[in-house]
Visitor: 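Next up is a structure, given as structure tokens.
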Amino acid sequence: QVQLVESGGGLVQAGGSLRLSCAASGRTISRYPMGWLRQAPGKERELVTAISWRGDGTYYADSVKGRFTISRDNDKNTVYLEMKSLQPEDTAVYYCAASTRSYSSNYRRISDFGSWGQGTQVTVSS
């Protein structure tokens, strides 16, 4: 079972940037799609972005396209989320997620992920 620990969240003004990191342990993530989800108060959890196990394919929710970038460093067993031009509506708890299916080509739905971290809070002030 993989353990995922997010870091890098915090308070930022609108228009600012943050970089989240997700350190995995317990098993390698190199053969698994990875993603970032978020949940804002009173809202359902949504899939923000995901990356294929090879790193050659990505998914972005329409709301973050052009502003967020997901990447992975399999040697470090770590996934990153670069967030730019942050807006108050980006305020949420951000969760790192891992697929439980190795070599899976599915990473565009929340149901494609079965392991989650504890989350890191991102707050964007206006």
Side-chain angles (χ1 to χ4, degrees):
Q1 183 77 358
V2 65
Q3 290 79 46
L4 304 171
V5 178
E6 303 93 338
S7 61
L11 174 63
V12 63
Q13 289 188 332
S17 301
L18 280 175
R19 188 192 196 205
L20 305 183
S21 298
C22 170
S25 62
R27 65 158 166 84
T28 179
I29 63 169
S30 62
R31 299 187 295 271
Y32 299 83
M34 298 293 294
W36 287 93
L37 292 83
R38 68 184 180 187
Q39 187 165 21
K43 295 188 177 181
E44 293 187 355
R45 192 173 293 190
E46 64 169 329
L47 179 62
V48 175
T49 180
I51 189 167
S52 64
W53 67 271
R54 283 197 181 97
D56 58 353
T58 55
Y59 162 84
Y60 293 96
D62 288 342
S63 58
V64 305
K65 281 181 181 176
R67 300 188 299 122
F68 289 14
T69 302
I70 188 171
S71 61
R72 63 191 302 158
D73 186 334
N74 288 337
D75 289 339
K76 295 182 178 180
N77 227 30
T78 301
V79 179
Y80 304 97
L81 178 59
E82 191 80 37
M83 304 184 294
K84 299 180 179 179
S85 301
L86 284 162
Q87 300 301 316
E89 51 267 33
D90 294 316
T91 294
V93 178
Y94 284 71
Y95 299 89
C96 179
S99 172
T100 55
R101 302 176 188 176
S102 58
Y103 307 113
S104 174
S105 59
N106 299 318
Y107 53 88
R108 293 173 174 83
R109 301 173 301 178
I110 290 181
S111 59
D112 293 328
F113 300 91
S115 298
W116 321 90
Q118 292 299 307
T120 185
Q121 177 71 46
V122 171
T123 302
V124 185
S125 62
S126 57

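One is the number of the first residue; the rest follow in order along the sequence.
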Visitor: Is there side-chain contact between Leu37 and Ile110, with heavy atoms separated by less than 4.5 Å?
Guide: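 Touching, per the 4.5 Å side-chain cut-off.
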Visitor: Any idea how Trp53 and Tyr103 line up, ring-wise: parallel (<30°), tilted (30 to 60°), or perpendicular (>60°)?
Guide: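 Judged by the thresholds at 30° and 60°, the geometry between Trp53 and Tyr103 is perpendicular.
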Visitor: What are the two closest non-hydrogen atoms of Pro33 and Tyr107, and how far apart are they?
Guide: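 For Pro33 and Tyr107, the tightest heavy-atom pair comes out as CB-CB, 3.7 Å.
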Visitor: So which heavy atom on Thr69 is nearest to which on Tyr60, and how close?
Guide: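 In this case the closest contact between Thr69 and Tyr60 is CA-OH, 3.3 Å.
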Visitor: Give the C-alpha distance, both sets of side-chain angles, the deciding distance and a yes or no for side-chain contact (heavy atoms from CB on, under 4.5 Å) between Val79 and Trp36.
Guide: CA-CA 9 Å; Val79 179; Trp36 287 93; 3.6 Å; yes
Visitor: Check for me, please, whether Val122 and Val93 land in the same ILVMFWY cluster - side-chain distances under 4.5 Å, paths through other members count.
Guide: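 No, no single cluster joins them.
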Visitor: Tell me, yes or no, whether the heavy-atom count around Arg67 atom CZ, taken from other residues, nucleotides or ligands under 6.0 Å, exceeds 12.
Guide: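 Enclosed: over 12 neighbouring heavy atoms sit under 6.0 Å from CZ of Arg67.
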Visitor: How about Arg45 and Trp116: do any of their side-chain heavy atoms sit closer than 4.5 Å?
Guide: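 Answer yes - side chains close enough.
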Visitor: Has Glu6 got a side-chain atom pairing as donor or acceptor with Gln118's backbone, closer than 3.5 angstrom?
Guide: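 Yes: the side chain of Glu6 pairs with the backbone of Gln118.
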Visitor: Distance check, rounded to the nearest 0.5 Å: Ser125 atom OG versus Gln87 atom CD?
Guide: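 Atom-to-atom, Ser125:OG and Gln87:CD are 10.5 Å apart.
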Visitor: CD/Gln3 to SG/Cys96 distance, rounded to the nearest 0.5 angstrom?
Guide: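 Reported to 0.5 Å precision, the distance equals 12.0 Å.
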Visitor: Please assess Lys76 against Ser21 for the test side-chain contact (heavy atoms from CB on, under 4.5 Å), listing each intermediate value before the final yes or no.
Guide: CA-CA 11 Å; Lys76 295 182 178 180; Ser21 298; over 6 Å; no
Visitor: Test side-chain contact (heavy atoms from CB on, under 4.5 Å) on Val124 and Met83; report intermediate values, then the result.
Guide: CA-CA 11 Å; Val124 185; Met83 304 184 294; over 6 Å; no
Visitor: Would you check if the side chain of Ser30 reaches a backbone N or O of Thr28 as a donor-acceptor pair within less than 3.5 Å?
Guide: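 No, the answer is negative, given that no donor and acceptor are paired below the 3.5 Å cut-off.
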Visitor: Would you check if the side chain of Asn77 reaches a backbone N or O of Ala23 as a donor-acceptor pair within less than 3.5 Å?
Guide: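 Flag not set: sc Asn77 to bb Ala23 has no pair under 3.5 Å.
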Visitor: Would Gln1 and Ser115 count as a side-chain contact (heavy atoms from CB on, under 4.5 Å) if you check the C-alpha gap in whole Å, the side-chain angles of each, and the deciding distance to 0.1 Å?
Guide: CA-CA 8 Å; Gln1 183 77 358; Ser115 298; 3.7 Å; yes
Visitor: Do Phe68 and Asp90 have side chains that approach each other closer than 4.5 Å (heavy atoms only, starting at C-beta)?
Guide: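 In contact.
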Visitor: Contact between Tyr94 and Leu20 at the side-chain level, heavy atoms closer than 4.5 Å - yes or no?
Guide: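 SC-SC contact between Tyr94 and Leu20 confirmed.
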Visitor: Return yes if some donor-acceptor pair links the side-chain N/O of Ser99 with the main-chain N/O of Phe113 below 3.5 Å, else return no.
Guide: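 Judged by distance alone, no pair lies under 3.5 Å.
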Visitor: Looking only at heavy atoms, what is the nearest atom pair of Ala24 and Ile29, with distance?
Guide: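 Here Ala24 and Ile29 meet closest at CB-CG2, 3.4 Å.
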Visitor: Quick one: pull up CZ in Arg72 and CZ in Arg54 and give me the separation to the nearest 0.5 Å.
Guide: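 So the CZ of Arg72 and the CZ of Arg54 are separated by 11.5 Å.
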Visitor: Quick check for you: to the nearest 0.5 Å, what is the distance between Arg31 atom CZ and Asn74 atom CG?
Guide: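 Answer for the CZ-CG pair, Arg31 versus Asn74, is 10.0 Å.
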Visitor: OG1/Thr49 to NZ/Lys65 distance, rounded to the nearest 0.5 angstrom?
Guide: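 It comes to 10.5 Å.
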